[in-house]
Each structure stands twice: as structure tokens, then as C-alpha cells.
2 protein chains.
Amino acid sequence: MSIKRKPSGRVNVTDVAKAAGVSVATVSRSFNLPHHVRDDVREKVLQTASKMGYTPNSAAKALRLQKTNVIGAIIPTLDHSIYATMVKSFQDKLAEYGYVVYVLSCGFDSNSIYDSVRLLVERGAEALLIVGDVADPDLTRYLKEYRMPVVCTYSYFDNRAFPFIGFDNYQATKQLTEYLLGLGHRNMAMLTGPMQGNDRQQARHSAFLDALKEHKSKCTHFTYESAGGYTIEFGEKTLRRIRLECPEVTAIICNSDVIAFGVLSACKKMGIDVPREMSVVGYDNLEFAEYLEPPLTTLAIPAAEMGLRSAEAIIANLKNGTEIKPLLLGTQLMIRQSSHSI
Amino acid sequence: MSIKRKPSGRVNVTDVAKAAGVSVATVSRSFNLPHHVRDDVREKVLQTASKMGYTPNSAAKALRLQKTNVIGAIIPTLDHSIYATMVKSFQDKLAEYGYVVYVLSCGFDSNSIYDSVRLLVERGAEALLIVGDVADPDLTRYLKEYRMPVVCTYSYFDNRAFPFIGFDNYQATKQLTEYLLGLGHRNMAMLTGPMQGNDRQQARHSAFLDALKEHKSKCTHFTYESAGGYTIEFGEKTLRRIRLECPEVTAIICNSDVIAFGVLSACKKMGIDVPREMSVVGYDNLEFAEYLEPPLTTLAIPAAEMGLRSAEAIIANLKNGTEIKPLLLGTQLMIRQSSHSI
DNA sequence: CTGAAAGCGCTTACAG
DNA sequence: CTGAAAGCGCTTACAG
């Protein structure tokens with residue numbers, strides 16, 4: 001059988017049907033309802049299709065079936081490894097079920113995700129994973145009207161428009177701060193990521209302030225916010241500022257191990273003994289945390305698990321209509337250095 | 001005007017047309033050929049559409065226009081920050097032109113990407129970014145038959161099926177090895193990532209061996225391959241093995257700064273003075289490299305630039321049919337520690 | 001400037 | 001078991 005190709009462009013069902021001497025219906029059935037087609041016919045169709053390099057057109061399929069198998073994910077940035085980890089596990093799980101994930105990075109301000117959501121809706125996203133809360137009421141209404149299944153992640157609130165599958169940034173930081181208070185520290189600094197429209201950072205900061213407030217003794221606190229994301233450089237520079245601006249600080253909470261890396265590095269250069277003169281704690285439990293000198297006390301967050309659980313919830317919702325239930329995942333304080341304040 | 005919604009599902013052109021009292025053609029034109037529609041009519045259509053929350057269906061659009069605005073990217077893993085950086089710049093550039101990027105992680109073995117490519121073709125990818133060479137001849141034929149614009153990246157070869165926009169791993173490693181030879185090192189080890197089907201690692205390894213071979217003096221060399229990717233742990237453990245198995249080694253090339261981190265960490269723990277007793281060099285110039293102790297000599301690779309240039313080449317090809325030309329990007333050896341062998 | 005109609009590629013209810 | 005036909009939502013050449 002001589003195979004004819006179109007002068008350009010892809011081979012479609014019609015081409016395969018002609019070449020195999022059957023109708024397009026039979027070609028389609030051979031792929032999607034194989035047991036509805038006589039064995040020898042199906043065999044021939046499949047072989048012909050394979051020989052011609054037929055690849056189904058998923059736009060046409062999506063249009064016809066009203067199902068795209070596309071899931072959207074909106075994250076602040078791929079550049080931060082913790083998001084990459086989460087997205088990877090999310091994606092890997094969904095791929096098992098034939099879904100493809102569109103990942104959009106949109107910065108840290110959750111007020112600016114409207115356009116990203118629109119884009120994903122346009123692309124036919126059947127469900128959305130969003131880092132942080134959906135703060136914009138217009139956006140909430142829009143998503144509700146579409147009956148769009150939405151999982152918010154990386155935070156945990158139980159009074160919001162959409163269910164969260166994440167962890168409690170407030171409680172985690174409270175624990176971290178109380179740990180430092182327990183060691184006797186009274187003058188602390190927190191180094192945060194961008195706070196604007198960022199409920200994770202805001203929750204951590206509130207927890208930090210509240211923990212100190214609740215404590216009877218007189219405490220002082222300082223906050224340094226990174227404009228540009230989570231970098232070693234920010235930690236390095238800020239430690240130097242802290243020594244100038246508030247030398248009484250004996251403990252520093254960094255909202256990322258990356259920042260803590262910079263703080264430790266600067267301490268070393270300035271001859272500040274960690275942890276005896278300065279306690280430094282981080283967030284994320286990145287691989288390097290335990291290899292730093294001294295090993296970094298850090299708050300392990302369930303990055304891969306958030307991706308996995310979110311994927312599972314979405315799959316159950318899409319396949320069986322199972323409601324997406326909020327899920328509070330645990331964090332773990334990895335104590336690797338501990339020293340009382342001097 | 002009272003807005004009717006469908007009981008479920010999305011609002012489409014027909015709904016908007018009815019609500020605005022015009023034909024679907026006019027609705028479509030109002031969006032895509034606005035100057036072909038009378039001002040007041042267009043105004044009304046756009047307002048109605050907005051009020052109803054109309055979002056165009058890109059599957060239908062793709063089917064009709066035979067254009068998906070989807071680009072595919074096949075990378076080993078998102079977990080390695082250098083790939084995340086590349087993908088991010090690739091994605092950001094393409095987003096400016098209305099393209100959306102599907103990212104598939106497929107491990108390090110380029111022989112296993114056939115399925116990923118099929119999936120992306122099915123999804124209507126108009127062009128592909130592939131990390132490494134397309135080694136599989138079947139896959140090459142398949143892509144050629146589809147006239148699929150393909151950019152290979154992260155490597156550079158000029159005799160392959162598809163153009164590369166990347167850097168020369170062989171030359172870069174040659175330079176690195178010769179630098180160490182120049183310092184007097186004669187007994188070296190290379191710590192690689194997974195080699196199977198991985199032209200980047202293979203090229204680096206060949207360069208390592210060749211550089212030593214070309215050198216007149218008698219050299220010894222050792223290779224340790226990480227099965228599980230680029231981890232600190234691999235570097236840490238391997239340094240310990242090296243001390244046992246080939247204690248004459250005075251210089252170690254790590255094919256990732258992450259691995260070098262582990263080697264440095266182990267050296268510190270074992271009391272091995274870097275760089276006086278042991279030279280350690282890395283790859284990638286990750287942010288932490290200059291903050292390590294001692295600062296890490298490393299080969300900076302143009303991760304963001306690869307993403308950007310690849311995106312530009314693809315855009316030019318898709319918009320104007322401009323042929324995708326190979327582009328050899330530079331690397332830079334960042335010398336931060338240097339010590340002659342003892 | 002506007003509308004009716006064709007058609008992109010696919011799947012499936014319907015008829016045989 | 002198989003085929004002809006309808007229709008998913010969209011855009012545009014064609015006709016007015």
C-alpha cells in the first residue's frame with residue numbers, strides 16, 4: 001500500500017481512513033473503542049496510522065469532547081527550588097492520569113494573578129493549582145461562576161473561598177519563634193521575602209510579632225524584607241545592616257534557607273560565632289541546610305507532598321466529582337544548632 | 001439587558017452574539033478585527049462579553065486557525081535550578097508573544113524522549129526546545145516529517161539533525177581540565193551526573209580524558225558517576241570514596257556546583273585543606289558558589305541566555321519563517337581558588 | 001459594516 | 001461491526 005502524505009501539515013483521521021479504506025468513524029473507534037471494531041480492521045487501521053505518523057489533534061478532541069486534560073498551575077517563580085519541587089510532584093502525578101500541566105510564574109503578589117487565570121481558563125484548564133490565597137474578589141467570583149476546581153496551596157486557611165492543601169505558615173513560624181524565645185533570645189530579626197500580596201510571608205511575619213508580643217519579657221524585633229526574592233546576597237547584606245542598625249539582635253529567622261545561607265556566610269566573614277553569638281534559623285530544609293557550618297536549624301515544609309496531594313485531590317474531583325477537601329500538612333522543625341542567648 | 005447564562009459550562013460566541021443582538025461573526029470580529037466593526041456595535045459586544053464573563057475557547061480557535069500558540073520544552077528535570085532558570089527565561093520571552101510553554105521533565109536519558117515528543121505534538125506544539133541532542137533516528141525522522149522547528153540546547157554540535165543554541169561542553173571542560181593541569185595537578189577525578197544518553201556529561205567526560213591524554217606527563221584519572229542526579233550527598237560520599245580508593249587525587253572536577261558543595265563539605269569534615277591539599281571545581285556558577293569556603297572555582301554556563309536565545313529563534317521562525325541558526329554561547333571560567341598541586 | 005455559511009479534526013448517537 | 005452525519009466553538013472568505 002503506497003502511503004500518501006499531505007504536502008504539508010499533519011496526517012489526520014481522514015487521511016488514515018482513506019489509506020486504510022475505512023470511514024473516519026472506524027479510525028476513531030480503533031483508537032478509542034477498540035473492542036467495537038473487528039480485529040483485522042482495527043489492526044490494519046492502527047498499522048496504517050502508525051506508518052503514516054498519525055498523531056491525533058488534541059484541539060479537535062478537546063472541542064468535541066469538551067475536555068482538554070489541561071490543568072493550570074500558578075506559582076510565584078520556577079527559580080525557587082521549593083516551587084520547582086512542588087510543581088514537579090504535581091506534574092508527575094497528573095501525567096499518570098493523562099493530564100498536562102500549564103505552569104505560569106506570576107511573581108509573589110497574588111493580586112496580579114487575574115491575567116494568568118484568564119489565560120489558563122482560555123486554554124481550557126479543568127482545574128487550577130494556585131500558590132497562596134485568591135485575594136481578589138472579582139477573581140473569586142469569576143472562578144466560582146466557572147465552577148472551576150481550585151486548590152490553593154503553600155498556605156492554610158479554613159475560611160477562604162477555595163480549599164487549601166498546604167501548611168500553616170503562622171503556626172510554623174510561631175513554633176520557630178517560640179523555640180528561639182525558649183533559648184532565651186529576646187532581640188530578634190526576621191528576614192522575609194516580598195510581603196506585598198504574599199499571604200505566606202504575611203502570616204509568618206504576624207506569627208513572629210505575635211509570639212514576641214505574647215511573651216512577657218520585653219522583646220525587640222526587626223524586619224527586613226527582600227524586594228528581589230530569596231537570595232544569598234540579601235541574607236549577606238542584611239546581616240551587615242543588622243550589626244549596624246540593631247546590634248542587640250541575637251537571633252535571626254530567615255524565611256528561606258537561601259537567605260540563611262547568606263546570613264551565615266556574612267557571620268563567618270565578620271567573625272560572628274554561630275550559634276553562640278548569633279542564632280540563625282531558616283525555612284524549607286533545602287538539601288544544603290545540613291551541610292552548612294554550623295548545620296542550619298530550619299523548618300521543613302512538605303513541598304513535594306503539597307504537589308502530590310493537590311494532584312490527587314484534583315484527579316478525584318475531575319474523575320468522580322469528589323469534592324476537594326482542605327488538607328493541612330505538617331511541617332517539621334529540624335533542630336541542628338541550638339544555643340542560648342548570651 | 002438581562003444576561004442569561006447557560007446552566008453550566010462556559011459562555012461562547014453564540015451566547016454573546018444573542019445577548020448583544022448581533023451575529024457570531026460580529027462578535028468574533030469585535031475581538032480579532034476590531035476596525036472592521038462599527039464603533040458602537042463593537043463597544044456593545046465587548047461590554048456584553050465582559051459582563052457575561054466570556055472567555056474564548058482556545059481549542060476551537062486552534063482548530064480553526066491551525067495554530068495553537070503552544071511551544072513544547074523537554075528538559076531532564078525541573079528540580080535542578082539551572083534548568084528552571086533556563087525554562088523561566090524561555091517561557092517569559094515566549095509569553096510576550098502570546099505563546100504558552102508546555103514543560104515536560106523526562107529524566108537525563110535522551111533516548112527516552114520519544115513519548116514526550118509525541119505528547120507535545122499531540123498538544124499541537126508549534127516548536128520544541130529539547131535539552132541535549134536528538135539521538136534517536138526514528139524520532140529525528142518523525143520530527144523532520146512534521147517539519148517541526150526544533151532547538152536543541154545545553155550542548156553544541158554542528159553536525160546534528162537539529163540546530164543547537166547552547167554551549168560547548170567539551171571545550172568548556174577541556175579549559176577547566178587544562179587549568180588544573182596548569183596548576184600542576186596530575187591525578188584528577190571527575191564527578192559526573194548520569195551519563196547514559198546524556199551528551200552533556202559524555203562530552204565533559206571525553207574532554208576530561210582527552211585533556212589528560214594530550215598532556216605529556218603521566219596522569220591518572222578517575223570517574224564517579226552519580227546515578228541519582230546532582231546532589232550534595234553524592235559529592236560528600238564520593239569524596240570519602242576518593243580518599244580511600246585513589247588518595248593520590250589532588251583535583252576534583254564536579255559537573256555541578258551542587259556536587260562540589262558536597263565535596264567541599266566532606267573535605268572540611270575530614271580536615272582536608274581546600275585548595276592547598278585538594279582543588280575542587282564546579283559547574284554552573286550557582287549563586288552559592290562564591291559564598292562557599294573557599295569560594296568555588298566554577299564554570300559559568302549561560303542558562304538564562306540559552307532560554308532567551310532559543311525563544312527568540314523560535315519566535316522568528318514562527319512569525320517570519322526565519323531559519324533557526326545554530327548559536328554557540330560562551331561560558332566563563334570563574335577562578336575563585338587556585339592552588340598548585342602539592 | 002454585517003451576516004450566513006463553510007470548515008478546522010474529532011467522536012458518537014443513530015441507523016443500518 | 002460499520003458508515004454517514006451532526007456538532008463542539010471559532011474565524012473568515014464571500015455575498016450583500
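Lettering of chains follows the sequences in order, A, B, ..., and the numbering in each one begins at 1. What you are looking at is a predicted structure, and each value in this text was computed from that prediction instead of being measured.
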Side chain to side chain donor-acceptor pair (under 3.5 Å) involving A:Thr153 - partner list, sequence neighbours excluded
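Applying side chain to side chain donor-acceptor pair (under 3.5 Å) to A:Thr153 gives none.
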Identify, with sequence neighbours excluded, every residue that meets side chain to side chain donor-acceptor pair (under 3.5 Å) alongside B:Ser81.
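B:Ser81: no side chain to side chain donor-acceptor pair (under 3.5 Å) contacts found.
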Dot-bracket, 5' to 3', for DNA chain D please: Watson-Crick or G-U pairs under 3.5 Å, [ ] where pairs cross earlier ones, | where the partner sits on another strand, dots elsewhere.
|||.||||||||.|||
Using a cut-off of less than 4.0 Å, is there contact between a side-chain N or O of B:Arg10 and OP1 or OP2 of D:dG9?
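So the side-chain polar atoms of B:Arg10 never come under 4.0 Å of the phosphate oxygens OP1 or OP2 of D:dG9.
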Would you mind listing every salt bridge (Lys or Arg N to Asp or Glu O under 4.0 Å) that reaches into residues 151-162 of chain B, with sequence neighbours excluded?
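Every salt bridge (Lys or Arg N to Asp or Glu O under 4.0 Å) pair that includes a residue of residues 151-162 of chain B, provided the two are not neighbours, is B:Asp133-B:Arg160.
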Choose from D:dT12, C:dC10, D:dG9 the nucleotide whose nearest atom is closest to any side-chain atom of B:Ser28.
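Between D:dT12, C:dC10, D:dG9, the one nearest the side chain of B:Ser28 would be D:dT12.
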Side chains of residues 317-325 of chain A: which donor-acceptor partners sit under 3.5 Å, not counting sequence neighbours?
residue  : atom : partner  : partner atom : Å
A:Asn317 : ND2  : A:Thr322 : O            : 3.0
A:Thr322 : OG1  : A:Ala316 : O            : 3.4

Between N or O atoms, less than 3.5 Å apart, protein on one side and nucleotides 4-8 of chain D on the other: list the pairs.
residue : atom : partner : partner atom : Å
D:dC8   : O3'  : A:Gln66 : NE2          : 3.1
D:dC8   : O2   : A:Arg64 : N            : 3.3

Can you check the distance between D:dG16 and D:dT12, where both ends of the measurement are the C1' atom (answer in whole Å)?
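The answer is 16 Å between these two C1' atoms.
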Considering only atom P, compute the distance from C:dA5 to C:dC1 and round it to an integer number of Å.
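One P to the other, the span is 23 Å.
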Does B:Phe162 have B:Lys144 sitting over its ring (NZ/CZ under 6.0 Å from centre, angle to axis within 45°)?
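Flagged: B:Lys144 positioned over aromatic ring of B:Phe162.
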Test side chain to side chain donor-acceptor pair (under 3.5 Å) on B:Ser105 and B:Tyr83; report intermediate values, then the result.
CA-CA 10 Å; B:Ser105 342; B:Tyr83 294 122; over 6 Å; no
